[in-house]
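Below is one structure, written out as structure tokens; comments come after it.
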Amino acid sequence: MGPLRHAYLDALGIDRWVPRNAPAEVASAPLVESAPLPAVNRAVIPPAAPFVPLPPVSDWGALRERVAGCTACAELCRTRTQTVFGVGNTRAEWLVIGEAPGAEEDRQGEPFVGRAGQLLNAMLLAIGLPRETVFIANILKCRPPGNRDPKPEEVSRCLPYLSNQIALLRPKIILAVGRIAAQNLLATDVPLARLRGKLHTFGEANTPLVITYHPAYLLRSPADKRKAWEDLKFARATHARVAAAGSA
Ligand code: SF4
């Protein structure tokens with residue numbers, strides 16, 4: 001971890017995720033990639049609800065328009081300020097997927113703003129990824145009122161938009177942050193603690209999928225930041241392998 005990342009994390013009051021008494025060479029050591037990857041769990045999109053999604057579109061503008069005008073969830077489209085499509089580089093190799101917009105995201109129309117967004121930015125930067133180099137989206141494009149969990153039928157209606165985003169982006173890796181994102185992408189109710197540390201895949205393209213904690217959770221439970229750091233290093237190693245395999 002370089003001085004820039006240290007400064008960035010320090011500025012936010014975030015632990016650097018290395019032992020404070022670790023020698024400098026340990027803190028900055030390159031990632032060891034010799035360990036075999038754990039077993040792969042194949043992800044599937046949750047079973048379709050009675051709602052019938054429109055066929056996917058082949059350009060970002062059309063998809064953005066479609067999401068902006070979506071009224072599939074009566075409650076959410078009545079209570080939202082606006083849809084939150086996602087943000088970032090549409091040629092990114094990394095796709096970060098969270099849960100749903102919160103109050104500030106709903107106001108600004110952008111995912112992961114506010115304190116959780118700042119921590120996500122720091123987490124990404126710690127593995128060499130400025131926010132603008134990745135694409136960030138949520139499972140739901142509209143804010144659930146009172147920040148309640150998304151309902152299964154809302155997820156079923158909204159996932160086709162995320163699948164369309166993934167098809168357009170064709171990321172080399174997906175980083176799912178938080179239980180809601182992980183469980184919905186994997187169509188499972190296995191606790192997040194048991195989904196971490198494994199390599200999963202998503203969709204027909206078998207896109208590598210790595211799970212970690214949601215930054216909002218880490219703000220409440222800073223003791224788990226060290227585990228999140230392990231997840232980020234694992235994701236970085238996975239991406240490096242995929243990229244190397246793609247260029248071989
Ligand atoms: S959450 Fe998704 S499916 Fe539901 S109204 Fe918003 S954009 Fe449409």
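Order of appearance sets the numbers: ligands from 1, and atoms from 1 within every ligand.
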Worksheet item: Yes or no on side-chain contact (heavy atoms from CB on, under 4.5 Å) for T79 and R143, after CA distance, side-chain angles and deciding distance?
Response: CA-CA 8 Å; T79 55; R143 179 191 180 214; over 6 Å; no

Worksheet item: Can a donor-acceptor pair be found between the side chains of Q165 and K141 at a distance below 3.5 Å?
Response: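 Q165 vs K141: donor-acceptor pair found between side chains.
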
Worksheet item: How many protein N, O or S atoms sit closer than 2.8 Å to atom 8 (Fe) of ligand 1?
Response: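 Under the 2.8 Å cut-off, the count stands at 1.
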
Fill in: side chain to side chain contact (heavy atoms under 4.5 Å, CB included) partners for R220, two or more places apart
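Listed in chain order: A216, Y217.
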
Worksheet item: Just which atoms of ligand 1 are under 4.0 Å from any heavy atom in R80?
Response: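 Contacts of ligand 1 toward R80, numbered from 1: 5 (S), 6 (Fe).
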
Worksheet item: Under the ring pair (Phe, Tyr, Trp, His ring centres under 6.0 Å) test, which residues partner Y161, sequence neighbours left out?
Response: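 With sequence neighbours excluded, Y161 shows a ring pair (Phe, Tyr, Trp, His ring centres under 6.0 Å) to no residue whatsoever.
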
Practice prompt. Just grab all the side chain to side chain donor-acceptor pair (under 3.5 Å) pairs involving residues 83-102, residues at least two apart or on different chains.
Written response: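 For residues 83-102: E93-H239.
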
Worksheet item: Can the ring centroids of W229 and Y213 be said to lie less than 6.0 angstrom from one another?
Response: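 No, too far apart.
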
